[in-house]
Amino acid sequence: MICSTCFRHCQLQEGQIGFCRARQNKGGKIICANYGYVTSMAIDPIEKKPLALFHPGSTLLSIGSYGCNLDCPFCQNFQISRMAKSSDANFVSPEKIRDMALQAKQTQSNLIGVAYTYNEMLCSWEYVRDCAQLIHKAHLLNVLVTNGTASLAVLDEILPYIDAMNIDLKSLNAQTYASILHGDLNQTMAFIEKAIPACHVEITTLVVPGMNDSESEIDALTHWISQQDPNIPYHLTRYFPRYQMDTPATNISTLYRLKEIAQTHLHHVFVGNV
């Protein structure tokens with residue numbers, strides 16, 4: 001069986017788990033093996049997603065599972081993104097997520113809904129869809145934080161229920177995506193292009209020294225974003241050494257220099273993790 005969730009099109013034998021560690025061939029069908037298994041949950045400020053211009057000052061019930069379809073050597077959440085199923089994951093049904101969000105809102109009036117975040121939650125897009133449907137019925141909002149490396153068919157499944165997204169655009173260099181991230185730039189760009197007209201979108205670039213921190217890189221990247229819409233909020237985020245990369249953290253002065261470049265194309269540019 002071939003998994004069609006992302007560009008990898010993993011060919012899985014019976015019982016085999018895909019590259020993402022989250023999808024499996026079971027009984028001749030590709031299933032979401034991590035459906036409902038939550039590894040992380042917290043009440044977060046919306047600015048932490050980061051979303052700067054979508055209900056600022058509000059909070060979200062943030063949930064994450066395990067698995068990711070990329071393998072970034074600098075992953076900031078590698079403990080769960082590269083995790084296989086473990087005892088650290090607890091099953092939480094979509095109905096329970098809805099009930100927890102409504103309960104949290106009783107004590108936090110500024111809570112507006114649920115964020116699907118921490119790992120790449122589109123590896124378990126069925127769970128996102130099912131939770132998001134219930135959250136909308138409860139008159140709350142849904143926020144997705146994603147690397148945007150999913151098929152447009154997956155995007156079609158969830159987009160009617162997503163109110164805002166923060167999408168990682170890690171580079172505008174296809175070779176960087178292929179050789180360093182083991183990803184697919186074209187799929188991410190197509191994902192962004194389709195999401196923009198349908199919901200509030202903000203874009204983040206984790207600025208990694210030696211990979212995507214040149215002025216020419218950010219100039220080209222933000223020029224492309226501006227061609228979609230120059231009002232899209234854009235976040236330049238500071239990298240810290242994690243996972244397989246020990247390169248020193250991004251120089252703060254570099255972030256502000258790149259912010260100036262980005263502002264020649266975009267109206268709303270933010271610096272984060274400083």
Side-chain angles (χ1 to χ4, degrees), residues 3 5-6 10 12 15-27 29-46 48-49 51 58-72 75-108 110-147 149-150 154 157-158 161-166 168 242-243:
C3 179
T5 296
C6 75
C10 292
L12 305 177
Q16 188 176 6
I17 300 284
F19 178 92
C20 64
R21 296 175 167 85
R23 305 195 69 78
Q24 182 181 28
N25 181 347
K26 187 172 182 179
K29 294 182 179 180
I30 302 298
I31 67 158
C32 173
N34 65 344
Y35 186 100
Y37 285 96
V38 173
T39 61
S40 302
M41 181 180 295
I43 303 294
D44 287 332
I46 199 165
K48 190 176 177 180
K49 294 307 99 187
L51 289 171
S58 64
T59 61
L60 296 156
L61 174 64
S62 296
I63 61 172
S65 184
Y66 61 87
C68 184
N69 57 353
L70 298 184
D71 190 21
C72 303
C75 182
Q76 305 290 288
N77 285 326
F78 70 94
Q79 295 96 332
I80 59 173
S81 69
R82 305 313 304 156
M83 176 194 291
K85 184 179 177 181
S86 76
S87 58
D88 293 330
N90 299 307
F91 183 81
V92 186
S93 70
E95 291 79 10
K96 181 64 173 177
I97 293 296
R98 175 202 59 202
D99 293 347
M100 294 174 74
L102 288 171
Q103 184 177 13
K105 187 167 180 60
Q106 292 179 4
T107 58
Q108 295 198 27
N110 63 339
L111 187 136
I112 61 170
V114 173
Y116 311 92
T117 180
Y118 301 137
N119 73 305
E120 181 45 61
M121 287 292 283
L122 289 186
C123 294
S124 48
W125 61 265
E126 297 95 332
Y127 183 63
V128 173
R129 177 199 60 199
D130 294 350
C131 289
Q133 287 177 330
L134 293 177
I135 291 299
H136 264 192
K137 288 179 181 177
H139 307 293
L140 296 172
L141 302 178
N142 292 295
V143 168
L144 175 67
V145 181
T146 177
N147 62 30
T149 306
V154 166
E157 289 280 350
I158 64 162
Y161 315 108
I162 300 299
D163 301 289
M165 293 189 197
N166 186 289
D168 288 341
R242 298 292 298 274
Y243 192 30

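We count residues from 1, following the sequence as given.
Note that SG of Cys68 and CE of Met121 are 12.0 Å apart. Values are rounded to the nearest 0.5 Å. The CE atom of Met100 lies 10.0 Å from the OG atom of Ser93; values are rounded to the nearest 0.5 Å. For the atom pair OG1 (Thr146) and CG (Asp168), the distance works out to 7.5 Å, reported to the nearest 0.5 Å. One distance of note links OG1 of Thr5 with CZ of Phe19; it measures 14.0 Å at 0.5 Å rounding. The structure places CG of Leu61 at 4.5 Å from CD1 of Ile43, a figure rounded to the nearest 0.5 Å. Here Met165 contributes atom CE and Leu144 contributes atom CG; the two are 5.5 Å apart, rounded to the nearest 0.5 Å.
For the pair Lys26 (side chain) and Gly15 (backbone), a donor-acceptor distance under 3.5 Å is absent. Listed for the Asn166 side chain is no donor-acceptor partner under 3.5 Å among the backbone atoms of Lys49. Within the 3.5 Å criterion, the main-chain N or O of Ser58 finds no donor-acceptor partner in the side chain of Asn110.
Under the ring pair (Phe, Tyr, Trp, His ring centres under 6.0 Å) criterion, Phe78 pairs with Tyr243, not counting sequence neighbours. Checked against side-chain contact (heavy atoms from CB on, under 4.5 Å), Gln103 has no partners two or more places apart in sequence or in another chain. With sequence neighbours excluded, the residues that form a side-chain contact (heavy atoms from CB on, under 4.5 Å) with Cys72 are Leu70, Phe74, Lys170, Leu181. For Ser40, the side-chain contact (heavy atoms from CB on, under 4.5 Å) test picks out Ile80, Tyr118, with sequence neighbours left out.
Legend: salt bridge (charged side-chain N to carboxylate O under 4.0 Å, His left out) pairs involving residues 117-134, not counting sequence neighbours, sorted by first then second residue: Arg23-Glu126, Arg129-Glu157.
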Practice task
Go through Ile112 and Thr59 one step at a time and tell me if the side-chain contact (heavy atoms from CB on, under 4.5 Å) criterion holds.
Solution key: CA-CA 6 Å; Ile112 61 170; Thr59 61; over 6 Å; no
Practice task
Take Asn142 and Tyr116 through the side-chain contact (heavy atoms from CB on, under 4.5 Å) test and state the conclusion after the steps.
Solution key: CA-CA 8 Å; Asn142 292 295; Tyr116 311 92; 2.7 Å; yes
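What you find for Cys20 and Cys123 is that their closest heavy atoms are CB-SG, 3.6 Å. Taking both residues in full, the closest heavy atoms of Lys105 and Leu111 are given as NZ-O, 2.9 Å, listed atom of the first, atom of the second, then distance. Minimum interatomic distance between Gln76 and Arg242 (heavy atoms only, all atoms of both residues): O-NH1, 3.3 Å. Minimum interatomic distance between Ala33 and Tyr66 (heavy atoms only, all atoms of both residues): O-OH, 3.7 Å. Closest approach of Ala150 to Val154, counting heavy atoms only: CB-CG1, 4.2 Å. Across Asn69 and Asn147, no two heavy atoms sit closer than the pair OD1-ND2, 3.1 Å.
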Only distances under 3.5 Å count here; give the side-chain donor-acceptor pairs of residues 131-140 to other protein atoms, sequence neighbours excluded, each with its distance to 0.1 Å.
unit_1	atom_1	unit_2	atom_2	d
Gln133	NE2	Tyr161	OH	2.9
His136	NE2	Tyr161	O	3.2
His136	NE2	Asp163	OD1	3.2
His136	NE2	Asp163	OD2	2.8

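For the residue pair Asn34 / Ser65, a side-chain donor-acceptor distance below 3.5 Å is found, with atom types taken as modelled. No side-chain N or O of Thr117 forms a donor-acceptor pair with one of Lys48 less than 3.5 Å apart. The closest side-chain donor-acceptor pair between Tyr37 and Asn90, if any, does not fall under 3.5 angstrom.
When side chains are defined from C-beta on, Lys29 does not count as touching Gln24, because their heavy atoms never get closer than 4.5 Å. In this structure, Tyr127 and Ile63 have side chains that are in contact, with non-hydrogen atoms separated by less than 4.5 Å. Counting heavy atoms from C-beta outward, Val114 and Val143 have side chains that stay 4.5 Å or more apart.
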